[in-house]
Structure formats: structure tokens, C-alpha cells
2 protein chains.
Amino acid sequence: MTATRDKVLDKAEAAIRMRGYHAVSFRDLADELGIKSASVHYHFRQKEDLGLALVERYSKRFFDALEVEATKALTSKDKLRAFCAVYRHILVSSDRLCLCGMLGAEAAGIPVSLNDAVAAFFEANIDWLASAFGGDDTARTKATYTVGTLQGSMMLASSMKDVALFDHVLEALLA
Amino acid sequence: MTATRDKVLDKAEAAIRMRGYHAVSFRDLADELGIKSASVHYHFRQKEDLGLALVERYSKRFFDALEVEATKALTSKDKLRAFCAVYRHILVSSDRLCLCGMLGAEAAGIPVSLNDAVAAFFEANIDWLASAFGGDDTARTKATYTVGTLQGSMMLASSMKDVALFDHVLEALLA
DNA sequence: GTCTATAATTTGATAGAC
DNA sequence: GTCTATCAAATTATAGAC
């Protein structure tokens, strides 16, 4: 139906994951799609609306992929492996940062509602892993630690242009 | 002498560490300092020059602080503790992200020369820790892992507005 | 070193025709 | 749903007076 809306979301996600929220404009997106910026505004009245739709879609996709990946995961280790596999796919499939990792860094510079959505994504990440690890306080710390390591290594791999760096960290994380 | 130049650097570092490179303008900085943007341009011809000066100063300060902190560190564990202490100070002293963590996330959206400087900072981070860990391949992976964990946890603490989160990860990292 | 003034471009956003 | 046209504001940056 509204194919344009999805195309805008695709381009916006790719652009923001590469350059950041403030480095992407409605005109950039419109030009890339061969439409006008007014048309982008038709689908997303404000930039904030676009950002929120982006995080919502991203989060949904992430947890859907996680569910698929973890169906046969019984042990804590298997669940961790599944979690890491989804993160790895984020980076490798597009050679881009996690959307929420980027927006999380820019936290104090984006609309409050948008960072709330980003923080909720991280909260859900940690909840999932903490549950996989047993659910107690130690499990929660381990979960936070794991998400932090994945996000930070992704950032390092992006800045240092070395995807292998991320894989080495993944190996260590699973050892 | 050139007190203004330093004041510009101070304001720019604080602003960029909070909101990101593209969310900070020369006028913002000038207004905060009660001067005009043309005066900022006198000290830093282009925004890229300001960014480069920022990373240079930041990196120097970081490794100076690390040297002080690690003077009495003999064991690997002590050196890791010193490294973590400097990172903790970055976050806690200002409640802001690491400058290079922010710019590293925005890697593909900032001038190439600027990201080169950021990547060099991370390289030096990893070199220092790898050396502290013994210098072999395993040590290097452990070093990368550690820097990634610190950077990622800082981002999480910032987005989720929970500095204690960072401290819990630190504890786990040192255990 | 700092200012006024200004250029050239980009940005987020809207009104209204088709 | 998409367009043309337009706006007000912001952005990087420069020229030249003081």
C-alpha cells in the first residue's frame, strides 16, 4: 500500500545508523528516493515522528529476530549465543551501527520521547538477557555488561573500520 | 594568554559530548561564551579544525591522566584498575559520554580527518591495555573487549540515565 | 582579537494546487 | 499522495572596520 512510507523508513534508518540523527535531513531522504521533502513530511509530520517510527520498527524486528534465533536455545549459553548472533547480523548485514546505539550516544541531543524509546529498547535487551542468565541481580549485571560490550565493540569496529574486531570480541564473550 | 580559545574548547567539548558533533554550532558556543560566532571562527577556521583540536587535547589529557593513575600499578590487574579509573572519571566528573565515544558513533558522518584522529585514540587505548595484558594476540583481544565494554556501558548509562549501571559493569570487569 | 555585516546554503515545516 | 512554492530560522563561513 503505502510503499513510500516504508522506503522513507529504510533510507532514514540506513542514513541515521551511518551518520547520526542530526546529520540526516528530510531533503537528503527525499533526494535519495527521487521525491520531494514535502512528501516525506506527509508521512512523518515532524522529524521526531520519523525517529519514533524508526525505533519502533527496529525494536520489533530485533525481538522478532531474537525469538526466531532463540527458539531452540535451552541453556543460558545457547541463549547468549542467539543474542550475539542477532547483534552480529545488525552489524554485518549492513556494515552499520545499531540504530539505538547511535541514538543512545546522541541521547541528550535528541527529542526526549525518542530517547525514552531508545532507553526502553536497551531495558528490554537487558531484561531478556537477564532472564536468560537466571533473573537475579548477578544475572542483570551480566546482561548489562553483555549489551554494553556488544554496543561498544560495534562502535569501535565502525570507527576503526575493522569488522573482525567485533568478531574477536564476540568470541571472547562466548568463551 | 589566549583564554578565549580554551574557553571555546571547553564549551565545545561539553556540548559535543552531550549532544553530538552535528548538534553543536559555532553560534551555540559563541552565545554561551557571550561572544560572536565570528570570534570562534577566528580561533578555529572550520568546524573540522575545532574538532581536531578537541580530540588532540582530549587524547593528551586522557593519556596524561592514565600515566598518573598507573604510576604505582605493577600487575596487569592494577593497570586495568587504573585504566578503568580514568574511564570512570570521564563519565562521573561531567556526567557526559567520552568525546571519542560520541565521535566514534558518528564516524561516517564527520570529516575523515576527524574520525582518523578518533580511531587513533582507540588504537592507542587498545595498545596500552594490550601491553598491560602481556602483548600477545589474546591480550589484544582482551584489550579491545575491555575498551568496548567501557565505551558501550558509558553509552548505556547515558541513555538510560543510570550512572550506577556503569559502576556495576566496572565491578564485573574488575572481578 | 573581537566586532558588524552579510553571503550562500541548508533545515524543519506548512499552504494549497493537482 | 505528491507536487510547487514558500517561510522563518539556523548553519558554516568570510570580508573588513575597530
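By convention in this document, chain letters (A, B, ...) are assigned in the order of the sequence lines, proteins followed by strands, and residues within each chain are numbered from 1. Small disclaimer: the values here were computed from a predicted structure and weren't measured.
Within residues 40-56 of chain A, the residues that have a heavy atom under 4.0 Å from DNA chain D are, in order of number, A/Tyr42, A/His43. The stretch residues 7-37 of chain B comes close to DNA chain C through B/Arg27, B/Ile35, B/Lys36, each having a heavy atom under 4.0 Å from the strand.
When each of C/dT2, D/dT2, C/dA15 is scored by its nearest atom to the side-chain atoms of A/Thr4, the top-ranked nucleotide is D/dT2.
For the pair B/Leu165 and B/Met160, the tightest heavy-atom approach, listed with the atom from each and the gap, is CD1-SD, 3.9 Å.
A donor-acceptor pair shorter than 3.5 Å can be found between the side chains of A/Ser94 and A/Arg17. In summary, the side chains of B/Thr141 and A/Glu171 do not present any donor paired with an acceptor at a separation below 3.5 Å, with no hydrogens or angles considered.
Remark: A/Asp6 engages no residue in a side-chain hydrogen bond (donor to acceptor under 3.5 Å, both in side chains) (not counting sequence neighbours).
Side-chain atoms of A/Ser158 never come within 3.5 Å of backbone atoms of A/Met154 as a donor-acceptor pair (strictly under, hydrogens ignored). Looking at A/Lys142, its side chain never comes within 3.5 Å of a backbone N or O of B/Ala172 through a donor-acceptor pair.
Ring pair B/Phe62/B/Tyr87: centre-to-centre distance below 6.0 Å.
A cation-pi geometry, defined here as NZ or CZ lying under 6.0 Å from the six-membered ring centre and within 45° of its normal, holds between A/Lys47 and A/Tyr21.
An OP1 or OP2 oxygen of D/dC3 is reached within less than 4.0 angstrom by a side-chain nitrogen or oxygen of A/Ser39.
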